[in-house]
Amino acid sequence: VDENWGVFENLYDNRWNRTKKTDNYLSFFATMAYSLKNRYVFNFSIRNDASNRFGQDVNHRIDPTYSFGLSWRVMEEPFFSNVSAWLNALNLRLTYGIQGNALTRVGPDLMLTQGSVVNIYNQFESMISSIPNPNLSWEKTHTFDLGVDFELFRMFTMTFDYYWRSSNAVVSQDIAYEYGVSTMKLNGGKIQNSGVEFTVSFTPIQRKDWALSVSLNSSKNWNEAKSQQYAAKRGEMLAGSSEKILKKGYPLSGFWSYSFAGLSPEDGRPLFNYLDVPEEERDSNIDPSTFLVYSGEAEPAFTGGLNLSLRYKNLSLSSSFALLLGAKKRLQSPYESFSYGVYIPSETSNLSKDLNKRWKKPGDEEHTIIPGFVKTSLYSLTLPDKAIVNWMDVWAQSDVMVVDASFFRCRQITLSWNMGQEFCKKIGIKSLGLSASVDNVFVIASKRFNGFDPELGDSVQPKNYSFGINVGF
């Protein structure tokens, strides 16, 4: 009998779910702070956390951590009094600590995902989401920070920090297929980060009618994978990963590409380096980095922000800018709308303008990198790892399609005016303010984005205009 439950069928057709999760944490901590002569400050803290998230192994449930810090207010020293006219503040800081982190979406127990009813058995099916991991433990990060704060001529302030971090992270790693899943979150990802951060504020003009202030903040980070727990696959190296350590000695966000060797002068097909190897040297377990080339990091190496503010009496003009340097990005292929990159799409498909720059005749290979339409039935290549791939897909993932994703952006410009207090009293109000602003004013980036936003890749961020009135009674 085919029973029809109407809208209630959705209750039994994998359309809803109920999740019950219980986390138990027990923490003890103590802190101590001591200041001597208001110049030397010492801080120390220690804590011990325990969690049921780290199941069977009792020793892994407990996470003892500590941190300490030292601060020296140099300008409080008597021997610095003779420079106080121009050096108004100088503080030195040093901290070191160990922090623990318990991932909320990872646990030591077997986790199942309940699916819908299987018609053959008329019962719900369950799939393995995560197998037991009795050795799961806390992520631990060792952090060292050295900082300095100072002020000059009561108009220039700066904060500078250098940090170094070493983490034993929980990362995705390949495991044997006999376990029933191909990957698993495991401890053992050794990641090292170091970098600098600074903030500068400068107020060259501070008068009754005029004021000008400039604020600059910036940071640069270096990260490197110190351990490699498994052999990364070709697809992972081409796409990059922020969770897996793909290759020891390379940044966590690094990615690889095929090496483009130009276009064939005969028919405009793409050519590549390192792929044409003798048959006896092909190996399905070969390291993909032997025939791929490193393209860079998807994450920026340097980020910065700039804020400018100018005031004349009751009229203020402010602006905000952003700078990003060092990131790399792979452009979308102009053949993306083509089936398998070679078959002509439907007449209603939107096509890239870059197709007008494709190879069309011998000699075009001297001034274009876009392959032409090749009349052939063989569009495949055999890679050194024995995989058979479409050459247009290889071209789309080659280094010639990787561009510098650095940019300089004007995020916002705002103009505001506040009515004087005397005039406000005359018209019976407490305050009156007008403001107008525009967001995403402009962005300067590589010409290869063809006017698209470097953060979005295939679209632009719209300009937003706003106008406001603020009246106080």
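Just the heavy atoms: all of them, side chains too, but no hydrogens, waters or symmetry mates, feed the values below.
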Can you find a pair of side-chain heavy atoms, one from [X] and one from [Y], that are under 4.5 Å apart?
X	Y	result
Leu306	Val214	yes
Tyr274	Thr290	no
Arg269	Leu263	no
Phe156	Phe150	yes
Trp395	Val400	yes
Ser194	Tyr162	yes
Arg93	Thr159	yes
Val394	Leu275	yes

Query - Qualifying residue, where the test is ring-ring contact (aromatic ring centres under 6.0 Å, His included) with Trp391 and the options are Tyr258, Tyr379, Phe260 - result: Tyr379

Report task. Decide yes or no on side chain to side chain donor-acceptor pair (under 3.5 Å) for Asn307 and Ser320, but give the supporting numbers first. Result -> CA-CA 5 Å; Asn307 297 299; Ser320 176; 3.2 Å; yes

Just wondering, are more than 12 heavy atoms of other shown residues or ligands nearer than 6.0 Å to [atom1] in [X]?
X	atom1	answer
Glu281	CD	yes
Phe42	CZ	yes
Arg154	CZ	no
Asn450	CG	yes
Phe29	CZ	no
Lys360	NZ	yes

State whether the side chain of [X] and the backbone N or O of [Y] hold a donor-acceptor pair below 3.5 Å, judged by distance alone.
X	Y	value
Ser218	Thr303	yes
Ser406	Gly326	yes
Asn440	Arg411	no
Thr368	Lys357	yes
Trp359	Lys361	yes

Query raised in the report: Do you know which of Lys329, Arg409, Lys463 makes salt bridge (Lys or Arg N to Asp or Glu O under 4.0 Å) with Asp453?
Result: Arg409

Requested in this report: Might you work through the side-chain contact (heavy atoms from CB on, under 4.5 Å) test for Leu323 and Phe302, ending with a clear yes or no?
Outcome: CA-CA 8 Å; Leu323 176 67; Phe302 177 92; 3.9 Å; yes

Query - Trp256-Tyr294 aromatic ring centre distance below 6.0 Å - result: yes

Which value, rounded to the nearest 0.5 Å, describes the distance between [X] atom [atom1] and [Y] atom [atom2]?
X	Y	atom1	atom2	answer
Met32	Phe68	CE	CZ	11.5 Å
Phe373	Leu355	CZ	CG	5.5 Å
Gln99	Ser167	CD	OG	9.0 Å
Asp399	Lys328	CG	NZ	11.0 Å
Phe452	Gln461	CZ	CD	13.5 Å
Leu94	Asp145	CG	CG	8.0 Å

For a quick check under 3.5 Å, do [X] and [Y] share a side-chain donor-acceptor pair by atom type?
X	Y	result
Trp222	Gln192	no
Arg330	Ser257	yes
Ser309	Ser318	no
Ser446	Asp404	no
Asn38	Arg73	yes
Ser67	Ser45	yes

Which pair of heavy atoms, one from [X] and one from [Y], lies closest together, and at what distance?
X	Y	answer
Ser333	Met401	CA-CE, 4.0 Å
Tyr96	Ile98	OH-CG1, 4.3 Å
Thr414	Ser437	OG1-CB, 3.4 Å
Ser337	Asn350	OG-O, 3.2 Å
Ser35	Val41	OG-CG2, 4.0 Å
Val293	Ser259	CG1-CB, 3.9 Å

Report task. Applying side-chain contact (heavy atoms from CB on, under 4.5 Å), run through Phe272 and Ser398 and close with a yes or a no. Result -> CA-CA 9 Å; Phe272 306 97; Ser398 68; 4.3 Å; yes

Query - Asp149 vs Met158, side-chain contact (heavy atoms from CB on, under 4.5 Å): CA-CA, chis, key distance, verdict - result: CA-CA 6 Å; Asp149 313 311; Met158 179 176 178; over 6 Å; no

Does the distance from a Lys or Arg side-chain N to an Asp or Glu carboxylate O, for [X] and [Y], drop under 4.0 Å?
X	Y	value
Arg39	Glu77	yes
Arg358	Asp364	no
Glu279	Arg282	yes

Requested in this report: Apply the test ring pair (Phe, Tyr, Trp, His ring centres under 6.0 Å) to residues Phe338 and Tyr335: give CA-CA distance (whole Å), side-chain angles for both, the deciding distance (0.1 Å), then the verdict.
Outcome: CA-CA 5 Å; Phe338 289 60; Tyr335 286 96; 5.1 Å; yes

Requested in this report: Among Asn193, Asn221, Thr143, find the one that has a side-chain hydrogen bond (donor to acceptor under 3.5 Å, both in side chains) with Tyr163.
Outcome: Asn221

Query raised in the report: Can you tell which of Asn91, Leu90, Val148 makes a side chain to side chain contact (heavy atoms under 4.5 Å, CB included) with Val74?
Result: Leu90

Requested in this report: Check the pair Lys233, Asp385 against salt bridge (charged side-chain N to carboxylate O under 4.0 Å, His left out), reporting the backbone distance first and the verdict last.
Outcome: CA-CA 10 Å; Lys233 298 181 176 63; Asp385 61 0; over 6 Å; no

Report task. Please assess Phe449 against Val403 for the test side-chain contact (heavy atoms from CB on, under 4.5 Å), listing each intermediate value before the final yes or no. Result -> CA-CA 9 Å; Phe449 285 105; Val403 298; 3.7 Å; yes

Report summary line: Sequence neighbours excluded, the answer for side-chain contact (heavy atoms from CB on, under 4.5 Å) partners of Pro265 is Glu365

